[in-house]
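Some notes on the structure that comes next.
Just so it is clear, the model here is predicted, and its values are computed rather than measured. Below, each value reflects all heavy atoms present in this structure, side chains not excepted, and no hydrogens, waters or symmetry copies. Residue numbering restarts at 1 for every chain, and letters A, B, ... go by the order of the sequence lines.
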Protein chains: 2
Amino acid sequence: MTYADNSVNLRLGFAIGFKAIGILRRFKRVSTLTYSPTVHRLCRINCAQRQSGVMNLRELSKRLNLSQTTVSRALNGYPEVNEATRKRVAEAAQLYNYRPNVRAQTLATGRSMSIGHIIPFSKQSEMVNIVFADFIAGAGEVYSTHGYNMTLTVVRDEDELSAYRGVAEKGAVDGIIVHSPARNDPRIAFLADLDIPFLVHGRASEVTLPYSWMDVNNTRAIETGTQYLLDLGHRRIGLINGQERMDFAQRRRDGYLSALQSAGLAADETIMRSGEMNEPHGYQSTLELLASADPPTAFVTSSIVPALGIRRALEEHGLKMGRDVSVLCYDDEISYLPNGTETPIFTAMRSSVRDAGRRCAEMLMEQIMAPTPLIKTELWDAELVIGMSTGPVG
Amino acid sequence: MTYADNSVNLRLGFAIGFKAIGILRRFKRVSTLTYSPTVHRLCRINCAQRQSGVMNLRELSKRLNLSQTTVSRALNGYPEVNEATRKRVAEAAQLYNYRPNVRAQTLATGRSMSIGHIIPFSKQSEMVNIVFADFIAGAGEVYSTHGYNMTLTVVRDEDELSAYRGVAEKGAVDGIIVHSPARNDPRIAFLADLDIPFLVHGRASEVTLPYSWMDVNNTRAIETGTQYLLDLGHRRIGLINGQERMDFAQRRRDGYLSALQSAGLAADETIMRSGEMNEPHGYQSTLELLASADPPTAFVTSSIVPALGIRRALEEHGLKMGRDVSVLCYDDEISYLPNGTETPIFTAMRSSVRDAGRRCAEMLMEQIMAPTPLIKTELWDAELVIGMSTGPVG
DNA sequence: GAATCACTTCAAAGCGCTTTGGATAGCGGA
DNA sequence: TCCGCTATCCAAAGCGCTTTGAAGTGATTC
């Protein structure tokens, strides 16, 4: 009995030792600790392989007395399966609660059924693009009708390229949507090089190689909007823009300048602001411009969010928006900040970012389905909607 | 020559026929069309198997004259590899631009290195949760430090349970975050049943089984806020709440009621509103309440977004916020709608949703790493910040 | 009556990794 | 000299699917 007891203890001791090594092996880069595979090889702990009771294709086909081939085909709707058999398989799958393992599926098929979105966010501003949530909602809707889903990666600005590499090259996604392109965005050349379908939401003016994109005509939109203000008699129009390293912001600035020029007006840098598109940006900029010697009678701004800040600043100054000062903004139709229910609050250049998300997703799906590489571009026009925030110059 | 030519044509004809069948076979559920596997078997088209030139582990190890085992271990930092060998492998990997295929990796390891987020969105309101983008940004940050990423699925309300099944049971994700729980949310029992780690952002009061969650003490938050208004002398306080089938909204209502009760005030249903948390909701509700016989002197609301609507309504009525009417809101610290830069615009109960996202992600990571199922809960308190939107009753 | 064909089904070979269970060589101590 | 030990490395067996190439029925055709 003493012997037996000892042996039990010994085995127990071993087991613990092995377990430690097993764990050790799992924690990578631990070469300082002593570790021996000679010992390790005896370790049987933690091998989660082939758990019985787990319902997989093999198990299911065994219970059905059919081959994996037939079961797989039956479930995937291939024609070469007897309808009676298909029914039997479907019922068994239901009964045993069988779900194919997507990881195995994607490995076998070579498609990951997933689209990558890489969300850049600047550590300083801690801000996600305003339109991001609605864009995602639109895109996601399309993906799900195609059986796809989204893989999101949130990365700091500086890590972004390596994140693309990580997501793309390893076959984790079948396609990529590029958000918020800068004027000369390195990501485009990078992705083109990786040879994976991708589509840019927006454009990168300085990139010359061909790539797929979907954009709103930002230049024309803001040109039209500014023109509208000019038509109302405004001659001093402030611009409260997004960050102008972003392509869309630069283009909006171009549109603004172009409208001024057509009207024979000189641009005045002192009433043009550019920055992170949040509410305080609109507020602060407006305060500054109002405090200037010759304050603007109208404002053009990049989004409904800074427009809210403009409104706040105006009200603080006792100015009534639409009567004393006019405001025109770009309206992406952000779902929780709709521009009024019936009459628009803000006169705006309108284009739904949710629709853009949908369209981008569709275009990318087409690219992925296409047998040969496909480059498609699409340019939308924003629509001018007249709201209560503009009026003839006082 | 005639023969040869014919045979070429024949083969060509076959090839085209086969190609059609290959495509046919890929389009599933096409049993109406004639299709024969006897013919199909001759088809060699579209088998993208083992493309030469593709750099995978096998290819890399061949070029290095090493086994796949050794190369894999070298790259993954296991101790049992000679440092010289490891260096050689690393250099070759770099040279040949080798990236392990994540699909194969996840199949082999059994972990998908991905967290699922299922975004419910109601077809009617076409709205995504306001706090969603910031929550995701916070969570994503944590995931990426752990080598994880997010899999997002956007689903209509009615499809949600099946989406969970799709995402979870097939092993596509290692864990799930549940957003916007309702009071008696069926998803919780469902996920518990699927036996996959999950964490609820918020709680479901009516669910009795144990589950992991992270929440802000919404009841106490709004109780404190309402109390503050009461202390300022307000006796008629309107509530503009979110949809009360949502747990958080119900709890906020509870807090509001509880504060009134402590002050010996009866609740008045006519000055309580509940709805989708967008700007027009705040605006419309305020207009209605202001039009009533005995309008409130103060408002409590669920988010900074309806608070903006309240402000707009007040200003339209020529009422100054903070002087004529007080407004207190819940502030999630949405990145593009910060509550002022220095002095807060709105007096608010504050709690960062980005931090919540971070914390939820951390807690879920812990659950996933844990050897045995782990249930953890965490309750945060929101902080009262005094801004310019409140003042003593006039 | 043999050849042909459509219809079903199957065994086995992938997909590209990780992990297991050795094997081998070199080295110091008994 | 032999043994035990460590440091390296490897072949092969998974992971759970899909797809290939074949085979076994009957029915039909010539």
Side-chain angles (χ1 to χ4, degrees), chain A residues 22 25-26 31 34-51 54-61 64-76 78-86 89 98-112 170-171, chain B residues 22 25-26 31 34-51 54-61 64-76 78-86 89 98-112 170-171:
Chain A
R25 195 165 197 169
R26 242 188 335 222
S31 46
T34 47
Y35 160 78
S36 152
T38 319
V39 172
H40 173 73
R41 99 178 62 125
L42 298 170
C43 168
R44 296 285 158 72
I45 300 178
N46 281 322
C47 51
Q49 318 277 57
R50 182 86 66 204
Q51 308 149 29
V54 133
M55 188 46 65
N56 52 22
L57 190 63
R58 174 204 302 252
E59 196 65 27
L60 184 65
S61 55
L64 280 162
N65 259 325
L66 285 170
S67 72
Q68 294 194 40
T69 312
T70 303
V71 175
S72 170
R73 293 207 163 140
L75 291 173
N76 289 315
Y78 282 89
E80 53 206 349
V81 182
N82 189 323
E83 273 312 313
T85 312
R86 189 193 303 282
V89 170
Y98 167 74
R99 305 270 147 185
N101 180 312
V102 273
R103 284 183 263 115
Q105 247 170 347
T106 60
L107 179 59
T109 58
R111 287 165 309 157
S112 68
K170 294 154 127 189
Chain B
R25 193 164 197 170
R26 236 179 346 209
S31 46
T34 48
Y35 159 80
S36 153
T38 318
V39 172
H40 172 73
R41 98 178 62 124
L42 298 170
C43 168
R44 296 285 157 71
I45 300 177
N46 280 321
C47 51
Q49 319 276 57
R50 182 86 64 204
Q51 309 147 31
V54 134
M55 187 48 64
N56 52 23
L57 190 62
R58 174 202 302 251
E59 196 65 27
L60 183 65
S61 54
L64 280 162
N65 260 324
L66 284 170
S67 73
Q68 294 194 41
T69 311
T70 303
V71 176
S72 170
R73 294 210 162 136
L75 291 173
N76 290 314
Y78 283 87
E80 54 207 350
V81 182
N82 190 323
E83 274 313 313
T85 313
R86 189 194 304 280
V89 170
Y98 167 75
R99 304 271 148 185
N101 180 311
V102 272
R103 283 183 265 116
Q105 246 170 348
T106 60
L107 179 58
T109 57
R111 288 164 310 155
S112 68
K170 294 154 127 188

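Among the nucleotides C/dA11, C/dT8, D/dC9, the one closest to the side chain of B/Asn82 is D/dC9. The nucleotide whose nearest atom lies closest to any side-chain atom of A/Leu66 is, among C/dC10, C/dG16, D/dT8, C/dC10. Taking every side-chain heavy atom of B/Ser72 into account, C/dT18 is the closest of D/dC9, C/dT18, D/dG16. Counting only heavy atoms from C-beta on, A/Arg58 has its side chain closest to D/dC15 among D/dT18, D/dC15, C/dT9. Relative to the side chain of A/Ala108, the nucleotides D/dT18, C/dT18, C/dG21 differ in distance, and D/dT18 lies closest.
Residues B/Val54 and B/Glu59 have side chains not in contact (no heavy-atom distance under 4.5 Å, counting atoms from C-beta outward).
Side-chain N/O atoms of A/Asn76 include one lying less than 4.0 angstrom from OP1 or OP2 on D/dT18. Between A/Tyr98 and D/dC17, a side-chain N or O to OP1/OP2 separation shorter than 4.0 Å is present. Of the side-chain N and O atoms in A/Thr109, none sit less than 4.0 angstrom from OP1 or OP2 of D/dC17. In this structure, B/Ser67 reaches the D/dC10 phosphate: one of its side-chain N or O atoms is under 4.0 Å from OP1 or OP2. When the side-chain nitrogen and oxygen atoms of A/Tyr78 are compared with OP1 and OP2 of D/dT18, none of them lie within a distance under 4.0 Å.
A/Ser61 contributes a side-chain N or O that, together with a main-chain N or O of A/Leu57, makes up a donor-acceptor pair within less than 3.5 Å.
Expressed to the nearest 0.5 Å, how far CZ of A/Arg99 lies from CG of A/Leu60 amounts to 12.0 Å. One distance of note links CZ of B/Arg86 with CG of B/Asn82; it measures 9.0 Å at 0.5 Å rounding. Atom CZ of residue A/Arg73 and atom CG of residue A/Leu66 lie 13.0 Å apart, to the nearest 0.5 angstrom. We find the OG1-CZ distance between A/Thr106 and B/Arg103 to be 5.5 Å, quoted to the nearest 0.5 Å. In this structure, OG1 in B/Thr85 is found 9.5 Å from CG in B/Leu64, a value given to the nearest 0.5 Å.
Two residues, B/Asn65 and B/Ala104, neighbour DNA chain D, and the one matched to the more 5' nucleotide by heavy-atom proximity is B/Asn65.
What separates CG of B/Leu57 from P of D/dC10 is a distance of 12 Å, to the nearest Å. Rounded to an integer number of Å, the gap from CD of B/Gln105 to C1' of C/dT19 is 13 Å. If you take CG of A/Leu60 and C1' of D/dT18, they are 15 Å apart, rounded to a whole angstrom. Note: CZ (A/Arg103) to C1' (C/dT18) measures 13 Å, nearest angstrom. Going from atom CG of A/Leu107 over to atom C1' of D/dC17 covers 8 Å, rounded to whole Å. The separation between A/Gln68 atom CD and D/dC15 atom C1' is 12 Å, rounded to whole Å. At whole-Å resolution of the value, CD in A/Glu83 and C1' in C/dT8 are 12 Å apart. Per the geometry, CG belonging to B/Asn101 stands 17 Å off P belonging to C/dG14, to the nearest Å.
Not a single donor-acceptor contact under 3.5 angstrom links the side-chain atoms of A/Thr69 to the base of D/dT18.
Annotation: side-chain hydrogen bond (donor to acceptor under 3.5 Å, both in side chains) contacts of B/Thr70 (sequence neighbours excluded): B/Ser67.
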Protein-nucleotides 26-28 of chain D N/O pairs closer than 3.5 Å?
none

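Nucleic acid contact class of B/Thr106 (heavy atoms, under 4.0 Å, all strands): none.
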